[in-house]
Amino acid sequence: MSEPLTLGVAGLGTVGTGLIQLLAAHAPRLERMLGRSIVVTGVCARSRDKTRDADLGQARWFDDPIALATDPSIAVFVELMGGDEGPAKASVEAALRAKKHVVTANKALLAKHGLALARLAEENGVALNFEAAVAGGIPIIKMLREALAANEVRRVYGILNGTCNFILSKMTDEKRAFGDALKEAQDRGFAEADPTFDIGGFDAAHKLSLLVSLAFGTTIAFDQIDVEGIERITTADIEAATELGYCIKLLGVAVSSPDGVEARVTPVLIDEESALAEVSGVTNCVGIDGDYVGNLLLVGPGAGSKPTASAVASDIVDIARGLVMPPFIRPTAALATAKRLTGAARQGNYYVRLSVYDRPGAMASITRRMSDENVSLESIVQRRHGPVHPGQAGEPAPGHKETAANVILITHDTTEDAMRKALRAIEDDGNVTESPQMIRIEDL
């Protein structure tokens, strides 16, 4: 038997507690498999007195995560505190400089500082592993690093945020309003009191930025990703999508081409018969298009104590086996700077919902604006939804009210730039009661 692999765990929330439970439950099996034991010798958290459902054994308590990260008694520093600055960043940097291996689930830290931290790990000959930072229990990083190493990956995409998928699933399956579905997500612990990070698409964008570097061998800054959340999705959109044979999902999509990399997180319409449409609730999935393997779709739990702890433990097992690789598969010096392709150049079909005043010439004006930008319409569906009352956008003179109708447009193949120009002109014409809703139709 080799000497035990010693861990210092910073952060004893749901994931940290789950990790300690897992290592205790599977200690004999892991020792037989690895030829050495894995031992937690140090821990650190905000509160020493909090009751935790895990036996910390003989682990020493550290009040300072940096002191834990640099302590001679540990070989691996496990960072589960969260945050892209402050103690998380400082302690990970300290551990790497002290030639300690690092395992983290901190997607925000890696999205912002991943390249610098990877360079520091390489300089000191240690691992920086982060399987748990992307899609929870789905082993997407190991898939890219090992099973697909011989493939050129052309596209990576997926449902990367369980909170948004839960809300959209509830809206679709139970005809719930957005606010009602969000409240249930908060009540069940799937969404924070301030849900902006999730429903605004930022959590998914952090994960996508990591996938871009891993899949394409390029660097991309978080602010180079086009991000749009699900806040504007309404029951009218859900109902229209269903009637047209689609469902709405928040997807992260990154495509590599000779011209550059396009990366975006946006709501999209996908065929209701597609495999992706079956991924409901808080479940995540990641799809990969490789030139030799074709299209793969990995589905599984994207969060939670046990799935995330499983991913963290898999990184620790790699270190116990002596496997140390560049954090982003390729050495940081070999990562190319990606040319950003904006969504404006995207070609595709689009769904548009307009709340149109029921007045002569309104539809003629709308179709003319589309024609001005060479946007061809595949279908037009109109539904009346009653009177427009004072205070609504685009309303006529005070004291008057008009009826309005929801008009659903599906376009033929066109560019996003042309769509946005046409919709701006339509809104400026004053024939709609609110800003147009546009959602991409994704062929997956």
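Starting from 1, each residue takes its place in the sequence as its number.
In this structure a side-chain-to-backbone donor-acceptor pair under 3.5 Å is present from Gln186 to Ala193. Judged by distance alone, the side chain of Asn161 and the main-chain N or O of Leu250 form no donor-acceptor pair under 3.5 Å. For the pair His206 (side chain) and Ala111 (backbone), a donor-acceptor distance under 3.5 Å is absent. A donor-acceptor pair under 3.5 Å is formed between the side chain of Thr283 and the backbone N or O of Ser280. Panel note: side chain Asp358, backbone Thr403; no donor-acceptor pair is recorded below 3.5 Å. Counting only distance, with no hydrogens or angles, the side chain of Asp271 and the backbone of Glu273 share a donor-acceptor pair below 3.5 Å. Glu131 contributes a side-chain N or O that, together with a main-chain N or O of Ile140, makes up a donor-acceptor pair within less than 3.5 Å. Judged purely by atom type and a 3.5 angstrom limit, Ser91 has no side-chain atom pairing as donor or acceptor with the backbone of Ile66. For Thr242 (side chain) and Ile238 (main-chain N/O), a donor-acceptor pair under 3.5 Å exists by modelled atom type. Side chain of Thr367 to main chain of Met363: a donor-acceptor pair is present (N/O by atom type, distance under 3.5 Å, no hydrogens or angles).
Taking 4.0 Å as the cut-off between side-chain N and carboxylate O, Glu373 and Arg369 do not count as a salt-bridged pair. Using a 4.0 Å cut-off between a side-chain N of Lys or Arg and a carboxylate O of Asp or Glu, Arg340 and Asp226 qualify as a salt bridge. The residues Arg154 and Glu152 are annotated as not salt-bridged, no charged nitrogen and carboxylate oxygen being separated by less than 4.0 angstrom. A salt bridge does not link Lys89 with Asp84: every distance from a Lys NZ or Arg NE/NH1/NH2 to an Asp or Glu carboxylate oxygen is 4.0 Å or more. With respect to the salt-bridge test (charged N to carboxylate O, under 4.0 angstrom), the residues Arg264 and Glu228 do not qualify. The pair Glu239-Arg353 does not meet the salt-bridge criterion, since no charged nitrogen lies less than 4.0 angstrom from a carboxylate oxygen. Taking a cutoff of 4.0 Å between a charged side-chain nitrogen and a carboxylate oxygen, Lys142 and Asp318 qualify as a salt bridge. Salt bridge Asp417/Lys421: present, at least one basic N to carboxylate O contact under 4.0 Å. Ion pair Arg424/Asp428 not flagged as a salt bridge, since none of the NZ, NE, NH1 or NH2 atoms sits closer than 4.0 Å to an Asp/Glu carboxylate oxygen. A salt bridge between Lys249 and Glu442 is absent, with no side-chain N of the basic residue lying under 4.0 Å from a carboxylate O of the acidic one.
Side-chain atoms of Glu85 and His113 form a donor-acceptor pair, as typed in the model, at a separation below 3.5 Å. Side-chain N/O atoms of Ser365 and Asp429 include a donor and acceptor closer than 3.5 Å. Side-chain atoms of Asn106 and Thr104 include no donor-acceptor pair closer than 3.5 Å. Residues Tyr157 and Asp289 have side chains that never bring a donor and an acceptor to within less than 3.5 angstrom of each other.
Looking only at side-chain heavy atoms (C-beta outward), Leu115 and Thr332 come within less than 4.5 Å of each other. Inter-residue side-chain proximity for Thr218 and Leu335 is flagged as unmet; no heavy-atom pair is nearer than 4.5 Å. The side-chain heavy atoms of Asn406 and Gln382, taken from C-beta on, include no pair separated by under 4.5 Å.
Shown here for Ser310 and Leu22, the closest heavy-atom pair between the two residues is CA-CD1, 3.8 Å.
Two rings, from Phe328 and Phe130, have their centers less than 6.0 Å apart.
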